[in-house]
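Residue numbers start from 1 in every chain, and the chains themselves are labelled A, B, ... in the order their sequence lines are given, proteins ahead of strands. Heavy-atom basis, side chains included; hydrogens, waters and symmetry copies ignored.
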Amino acid sequence: QQQVKQSPQSLIVQKGGIPIINCAYENTAFDYFPWYQQFPGKGPALLIAIRPDVSEKKEGRFTISFNKSAKQFSLHIMDSQPGDSATYFCAATLDKIIFGKGTRLHILP
Amino acid sequence: DTGVSQDPRHKITKRGQNVTFRCDPISEHNRLYWYRQTLGQGPEFLTYFQNEAQLEKSRLLSDRFSAERPKGSFSTLEIQRTEQGDSAMYLCASSLMGVSYEQYFGPGTRLTVT
């Protein structure tokens with residue numbers, strides 16, 4: 001029973017482009033919606049997080065857009081760089097983290 | 001370095017054997033979590049502790065799995081009578097209470113059951 005649905009599974013973007021990853025959730029009790037970044041051989045690391053009463057949050061080149069009524073949220077990466085190539089997970093929290101299945105992002109140099 | 005550490009990093013075992021993994025969280029964090037990640041999937045929650053109390057266990061955690069955090073510091077995850085389906089990366093994370101979205105993950109223990 002997947003509570004957080006993520007798309008696309010993989011994404012290839014030219015350097016400088018703006019990759020967008022989308023997620024949808026079902027449980028309105030979730031209290032935070034974080035995004036995690038994972039490099040091969042490493043554990044996931046928190047990138048940015050948003051509360052459900054906020055529509056947008058920016059941290060550096062990363063932006064979360066949140067649509068509470070549609071129960072959807074997305075991650076935008078501005079001016080993407082080859083070093084951003086990683087797997088990105090959207091998630092939702094209620095004490096524990098419920099992760100999406102991940103998006104493998106590749107930024108072409 | 002005060003990050004989350006896990007030991008061992010890799011474990012190969014034969015089906016039917018028992019294995020135990022250890023996690024050392026960030027020292028001031030009172031919450032500790034275990035997740036399992038298979039190839040191409042997101043981490044799946046297994047269980048979590050607040051100090052030494054185990055507060056929640058996933059339905060994924062069969063009776064062959066047991067976790068402890070005896071003194072509210074390090075934690076162990078034991079899998080008894082391992083099966084090939086147990087092959088996965090086992091991730092440990094820690095956080096402060098009230099900031100559960102900000103979890104710090106260890107590098108994981110990769111288990112291969114042959």
*Of the backbone (N, CA, C, O) and the side chain (C-beta and beyond), which part of B:Tyr101 lies under 4.5 Å from a heavy atom of chain A, both, or neither?*
both
_CD/A:Gln9: more than 12 non-hydrogen atoms of other groups inside 6.0 Å_ = no
*Among all residues two or more places apart in sequence or in another chain, which pass the side-chain hydrogen bond (donor to acceptor under 3.5 Å, both in side chains) test with B:Arg22?*
B:Asp24
*Look at atom CD of B:Glu68 and say whether more than 12 heavy atoms of other residues, nucleotides or ligands are closer to it than 6.0 Å.*
no
*Taking it one step at a time, do B:Gln50 and A:Asp95 satisfy side chain to side chain contact (heavy atoms under 4.5 Å, CB included)?*
CA-CA 10 Å; B:Gln50 182 167 300; A:Asp95 288 327; over 6 Å; no
*asked:* According to a hydrophobic-cluster definition based on side-chain heavy atoms being under 4.5 Å apart (Ile, Leu, Val, Met, Phe, Trp, Tyr only), do A:Ile20 and A:Ile77 belong together?
replied: no
*Counting only heavy atoms closer than 4.5 Å, note whether B:Arg110 contacts chain A via side chain, backbone, both or neither.*
neither
_Region of B:Gln6 in contact with chain A, defined by heavy-atom distances below 4.5 Å_ = neither
_Identified side chain to side chain contact (heavy atoms under 4.5 Å, CB included) partner of A:Pro44 from the options B:Tyr104, B:Tyr35, B:Phe105_ = B:Phe105
*If you count the non-hydrogen atoms of other residues, nucleotides and ligands that lie under 6.0 Å from NZ in B:Lys57, is the total more than 12?*
no
_Distance, nearest 0.5 Å, that separates CD1 of A:Ile97 from OG of B:Ser95_ = 8.0 Å
For residues 36-46 of chain B, which side-chain N or O atoms pair as donor and acceptor with protein atoms under 3.5 Å away, sequence neighbours left out?
unit_1  : atom_1 : unit_2  : atom_2 : d
B:Gln37 : OE1    : A:Gln38 : NE2    : 3.1
B:Gln37 : NE2    : A:Gln38 : OE1    : 3.0
B:Gln37 : NE2    : B:Gln41 : O      : 2.9

*At a heavy-atom separation under 4.5 Å, does A:Tyr36 approach chain B through its side chain, its backbone, both, or neither?*
side chain
